[in-house]
Colleague: 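One structure follows; several queries about it will come next.
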2 protein chains.
Amino acid sequence: MTTEHDRDRARAAYDAYLAECPARHLLDRIGDKWVSLIVSALADGPQRYSDLSRRIVSVSQKMLTQSLRNLERDGLVTRTVTPSVPVRVDYALTPLGRSLVPLMQAIKAWAEEHMDEVLAARARHDER
Amino acid sequence: MTTEHDRDRARAAYDAYLAECPARHLLDRIGDKWVSLIVSALADGPQRYSDLSRRIVSVSQKMLTQSLRNLERDGLVTRTVTPSVPVRVDYALTPLGRSLVPLMQAIKAWAEEHMDEVLAARARHDER
DNA sequence: CGGAATCCTGAATGATACTG
DNA sequence: CAGTATCATTCAGGATTCCG
């Protein structure tokens, strides 16, 4: 079938697009439900696991751990274990991670400036 | 049970946080898999549905339509129907939508500058 | 041409229980 | 304290079919 070929080609094209489009990679990462919250929390300085857990009230341990692991994997945060009893684990932004902070602030700035318009438009749209 | 109360409180806290945190709203929107691609495509000027479909090769009609509807709902995109035969539908950015473009460029800029470091870190991490 | 409606699957996320 | 492991659930998103 040609449709099958088309689909394969489309997927290949999308993969190629993804590979050469760093912006989509980035959005995949910071668009993550918890990552932005974690980065903002760590922007104030290193934090222990329990600190993060307390500051980001509604995150489950599973998602917190998973998000932190991904951030560590991507070189955006460091994980430091102090083998005391009980164990102490600190997370901190790497320089690369810190370079992300201004961008997050830019996003926050746009949101604070325009998000009410978006919400107004949404409300208008919904009431019809 | 107290755990139940805790969960409810955590959820309420998160909702409150969400409500007062425009940045998360924004990230939910632009972090969407297709939205960034659509906005970039429309940044070049109005496009017909089929144009968008052709430019964003791998998007399904369903997701393209759904994403466009959401963008329209949020006042970021306009939808103009020309009742010819066959129908013609044009999509364009609103001023609000256009105000998003520089932000997208900032995101793209960070990605182009740093994403290779991220990918390098990831590769290093994975090979261990 | 530009969708809408339906069905379906896998991945993301959450809840819960257990551990070094 | 800082997780891991497992199970249950939800839901985004793709495939397919039909329509004005």
Side-chain angles (χ1 to χ4, degrees), chain A residues 1-15 18 24 27-29 31-35 37-38 46-72 77-92, chain B residues 1-15 18 24 27-29 31-35 37-38 46-72 77-92:
Chain A
M1 297 295 267
T2 332
T3 42
E4 197 177 329
H5 284 146
D6 288 355
R7 246 179 283 129
D8 289 350
R9 289 190 6 137
R11 182 169 298 277
Y14 179 65
D15 290 348
L18 255 192
R24 278 253 24 100
L27 282 168
D28 278 349
R29 180 106 346 266
D32 182 279
K33 193 172 178 185
W34 303 111
V35 162
L37 300 180
I38 294 175
Q47 313 265 330
R48 300 182 57 174
Y49 182 89
S50 46
D51 293 334
L52 290 171
S53 183
R54 230 171 294 115
R55 287 186 59 162
I56 309 172
V57 195
S58 59
V59 71
S60 63
Q61 326 143 325
K62 179 181 173 179
M63 291 328 295
L64 181 54
T65 301
Q66 192 178 108
S67 303
L68 285 167
R69 291 283 185 277
N70 282 334
L71 288 169
E72 191 193 359
V77 310
T78 56
R79 176 172 181 269
T80 313
V81 182
T82 309
S84 51
V85 179
V87 198
R88 173 192 177 116
V89 181
D90 286 272
Y91 291 93
Chain B
M1 297 299 266
T2 332
T3 42
E4 198 177 329
H5 284 147
D6 287 356
R7 246 180 283 130
D8 289 350
R9 290 193 2 139
R11 182 169 299 277
Y14 179 65
D15 290 347
L18 254 192
R24 278 254 22 102
L27 282 168
D28 279 348
R29 180 101 354 259
D32 182 278
K33 192 173 179 185
W34 304 110
V35 163
L37 300 180
I38 294 175
Q47 311 264 330
R48 297 183 58 174
Y49 182 89
S50 44
D51 292 334
L52 290 171
S53 184
R54 229 171 295 114
R55 287 186 58 162
I56 310 171
V57 196
S58 59
V59 71
S60 64
Q61 326 144 323
K62 179 183 174 180
M63 291 328 291
L64 181 54
T65 301
Q66 192 178 108
S67 303
L68 286 167
R69 291 286 184 276
N70 283 333
L71 288 169
E72 192 193 358
V77 162
T78 58
R79 176 172 181 267
T80 311
V81 182
T82 308
S84 51
V85 179
V87 200
R88 174 195 176 112
V89 182
D90 286 273
Y91 291 93

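The chains referred to below are lettered A, B, ... by the order of the sequence lines, with proteins before strands, and numbering in each begins at 1.
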Colleague: Starting at CG of B/L52 and ending at C1' of C/dG2, how long is that distance when rounded to a whole Å?
Modeller: 12 Å
Colleague: Can you pull out every salt bridge (Lys or Arg N to Asp or Glu O under 4.0 Å) where at least one residue sits in residues 82-91 of chain B? Sequence neighbours excluded, please.
Modeller: B/R88-B/D90
Colleague: OG of A/S67 to NZ of A/K62: how many Å apart, nearest 0.5 Å?
Modeller: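 That separation rounds to 11.0 Å.
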Colleague: Atom CG of A/L68 and atom P of D/dT4: how far apart are they, to the nearest Å?
Modeller: 11 Å
Colleague: Among D/dT4, D/dA2, C/dG3, which nucleotide has an atom closest to any side-chain atom of B/R79?
Modeller: C/dG3
Colleague: Just how far, in rounded Å, is P of D/dG13 from CD1 of B/I56?
Modeller: 14 Å
Colleague: Could you go through nucleotides 11-13 of chain C and list every protein N or O atom that sits under 3.5 Å from one of its N or O atoms, giving the distance for each pair?
Modeller:
| from | atom 1 | to | atom 2 | distance (Å) |
| --- | --- | --- | --- | --- |
| C/dT13 | O4 | A/K62 | NZ | 3.4 |

Colleague: Does the B/S53 side chain pair with the main chain of B/Y49, one donor and one acceptor, at a distance under 3.5 Å?
Modeller: no
Colleague: For residues A/W34 and A/S60, determine if any side-chain heavy atom of one lies less than 4.5 Å from a side-chain heavy atom of the other.
Modeller: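 SC-SC contact between A/W34 and A/S60 ruled out.
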Colleague: Which residues pass the side-chain hydrogen bond (donor to acceptor under 3.5 Å, both in side chains) test with A/R48, sequence neighbours left out?
Modeller: none
Colleague: Any side-chain N or O of A/Y91 under 4.0 Å from OP1/OP2 of D/dG3?
Modeller: yes
Colleague: Taking the minimum atom-to-atom distance to the side chain of B/R48, which one of D/dC1, D/dG3, C/dC1 wins?
Modeller: C/dC1
Colleague: How do A/D90 and B/V59 order along DNA chain D: which one's closest nucleotide is nearer the 5' end?
Modeller: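 Mapping each residue to its closest nucleotide by heavy atoms, the 5'-most match is A/D90.
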Colleague: Walk me through it: do B/N70 and B/R29 pass the test side-chain contact (heavy atoms from CB on, under 4.5 Å)?
Modeller: CA-CA 9 Å; B/N70 283 333; B/R29 180 101 354 259; 3.6 Å; yes
Colleague: So do A/R24 and B/L37 actually touch side chain to side chain, heavy atoms under 4.5 Å?
Modeller: yes
Colleague: Both A/P86 and B/P86 contact DNA chain C. Taking the nearest nucleotide for each, which residue is further toward the 5' end?
Modeller: B/P86
Colleague: Quick one: is D/dT4 close enough that its OP1 or OP2 comes under 4.0 Å of any side-chain N or O from A/R69?
Modeller: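 Yes, because at least one side-chain N or O of A/R69 sits under 4.0 Å from OP1 or OP2 of D/dT4.
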Colleague: How long is the line joining CG of A/D51 and C1' of D/dA2, in whole Å?
Modeller: 12 Å
Colleague: Given atom CG of A/L64 and atom C1' of C/dA15, what is their separation to the nearest angstrom?
Modeller: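 Distance check: A/L64 CG to C/dA15 C1' gives 16 Å.
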Colleague: Which nucleotide in the set D/dA2, D/dG3, C/dA4 lies at the smallest distance from any side-chain heavy atom of A/T65?
Modeller: D/dG3
